[in-house]
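Index from 1, following the sequence.
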Amino acid sequence: MDVDTRLLRYFAAVAEEGSLTRAAQRLYVSQPALTKQIRRLESALGTALFTRSRDGMALTEPGRALAARVPGLLAGWETALRETRAAGSRADRVLRVGFLASAANEATQPIIAEFARRRPDWRAEMRQASWSNPSAGLAGSDVDVALVRLPFPGQGALRVVELFSEPRCVVLPEAHPLAGRETIDFRELRDEPFVAAPPETGPWRAYWLAADERDGHPVRVGAVTAQPDDWLTAIANGYGVALAPESASRFYTRPGVVHRPVTGVGPSRVGVAWDPADDADPVVRDFVRCCRLVCART
């Protein structure tokens, strides 16, 4: 019998939290979706793994037996997956570099050029991730290293070096009443509908909604998008406004959309991230050196 490793991750989260609500929050999924997946696992195994009550989720005897084995199973699978993919990259002399949106802005090409100079027999393969994957592929071992925007889910389990920061701006429909302003205070935007990242991105979504800077004002979500083009279209169509890095005014423009400086929110931070298991990998270390060297010069 085959069992999806995702189901085991969901099971482990519920077992550790003792609550569907807390586990769903930790996994950045909805509670009904998590409940459905737990039932699917129980059906596949032919036994109940939890007893459900108002106090939460308690492991049954079969559940405790599975819970004792799951951490080792998942750790072994992650190690095998990472090592297999890394071996394939080494054989091809390709460094898989994940990135989001504009990556490291204007520093991206100099970073790749510096890496090519340092490792002429290697190639940096750039892999763009959607905003529904804010670790840019690192969380699933799809890349070796990533250029990311901080903060993002799972950041604490990875190595992260901050490279630079830049102010955030607000992106509005051209016809918006505030679009003619030179600068906008975020307090004037707190009641506006926002174009948001998918809910499962957790702290990433919250950061770009400035959830910590609203002084208790609830967030209004006008649209949810995971790709820059869809994001710009939603804003142009008047479904909401959005915060963005200042560099978005250079990399992401289109008719019907304007970018304005915004005060009252902190800056956006760009970093390079990798898995701690690759601390000793000389190629990953060289790429990180290139990132730091180039960004220190700019």
Which value, rounded to the nearest 0.5 Å, describes the distance between Arg297 atom CZ and Glu114 atom CD? 5.5 Å
Should Leu172 and Tyr239 be counted in the same cluster of Ile, Leu, Val, Met, Phe, Trp and Tyr side chains packed under 4.5 Å apart? no
Between CE of Met57 and CZ of Arg22, what distance do you get to the nearest 0.5 Å? 11.5 Å
So Phe287 and Phe115, would you call those rings parallel, tilted or perpendicular, with 30° and 60° as cut-offs? perpendicular
Let's go through Gln37 and Leu41 carefully: what are the C-alpha distance in whole Å and the side-chain angles of both, what is the deciding distance for side chain to side chain contact (heavy atoms under 4.5 Å, CB included) to 0.1 Å, and is it a yes or a no? CA-CA 6 Å; Gln37 296 306 319; Leu41 179 60; over 6 Å; no
Between Ile184 and Leu189, is any pair of side-chain heavy atoms under 4.5 Å apart? yes
Pairwise side-chain contact, Arg260 with Cys169, heavy-atom cut-off 4.5 Å (strictly under): no
Asp185 CG: over 12 foreign heavy atoms closer than 6.0 Å: yes
Partner set under side chain to side chain donor-acceptor pair (under 3.5 Å) for Arg181, not counting sequence neighbours: Glu188
Here the pair of heavy atoms bringing Val272 nearest to Cys291 is CG2-SG, 4.0 Å
How close do Trp122 and Val283 get, heavy atom to heavy atom, and via which atoms? CZ2-CG2, 3.6 Å
Of all heavy-atom pairs between Ser165 and Arg269, which one has the smallest distance, and what is that distance? CB-CG, 3.9 Å
Charged N-O contact under 4.0 Å between Glu213 and Arg190: no
Evaluate the side-chain proximity of Pro228 to Trp131: yes if any heavy-atom separation is below 4.5 Å, no if none is. yes
Just to verify, what does Ser132 make a side chain to side chain donor-acceptor pair (under 3.5 Å) with, not counting sequence neighbours? Ser130
Heavy atoms of other groups near Arg214 CZ, more than 12 under 6.0 Å: yes
One thing to verify: whether Asp191 and Arg220 come together as a salt bridge, which I'm taking to mean a side-chain N less than 4.0 angstrom from a carboxylate O. no
Rounding to 0.5 Å, atoms CG (Leu293) and CD1 (Ile111) come to a distance of 9.5 Å
Hey, does Phe50 have a side-chain heavy atom less than 4.5 Å from the side chain of Phe11? yes
Would you call Leu66 and Leu45 a side-chain contact if the rule is heavy atoms closer than 4.5 Å? yes
Check: Tyr252 and Ser102 side chains under 4.5 Å, non-hydrogen atoms: yes
Which pair of heavy atoms, one from Ala136 and one from Leu147, lies closest together, and at what distance? CB-O, 4.4 Å
Qualifying residue for side chain to side chain donor-acceptor pair (under 3.5 Å) with Ser268, from Arg149, Glu166, Arg168: Arg149
Heavy atoms of other groups near Arg187 CZ, more than 12 under 6.0 Å: no
Are side-chain heavy atoms of His176 and Val258 found at a separation under 4.5 Å? no
CG/Asp279: more than 12 non-hydrogen atoms of other groups inside 6.0 Å: yes
Whether Glu42 and Arg39 form a salt bridge (side-chain N of Lys/Arg under 4.0 Å from carboxylate O of Asp/Glu) is what I want to check. no
So, taking the atom named OG in Ser247 and the one named CZ in Phe164, what distance separates them when rounded to the nearest 0.5 Å? 7.0 Å
Let me confirm one number: the CE-CG distance from Met126 to Leu95, rounded to the nearest 0.5 Å. 9.5 Å
Note, Arg159 side chain near Asp278 side chain (heavy atom, < 4.5 Å): no
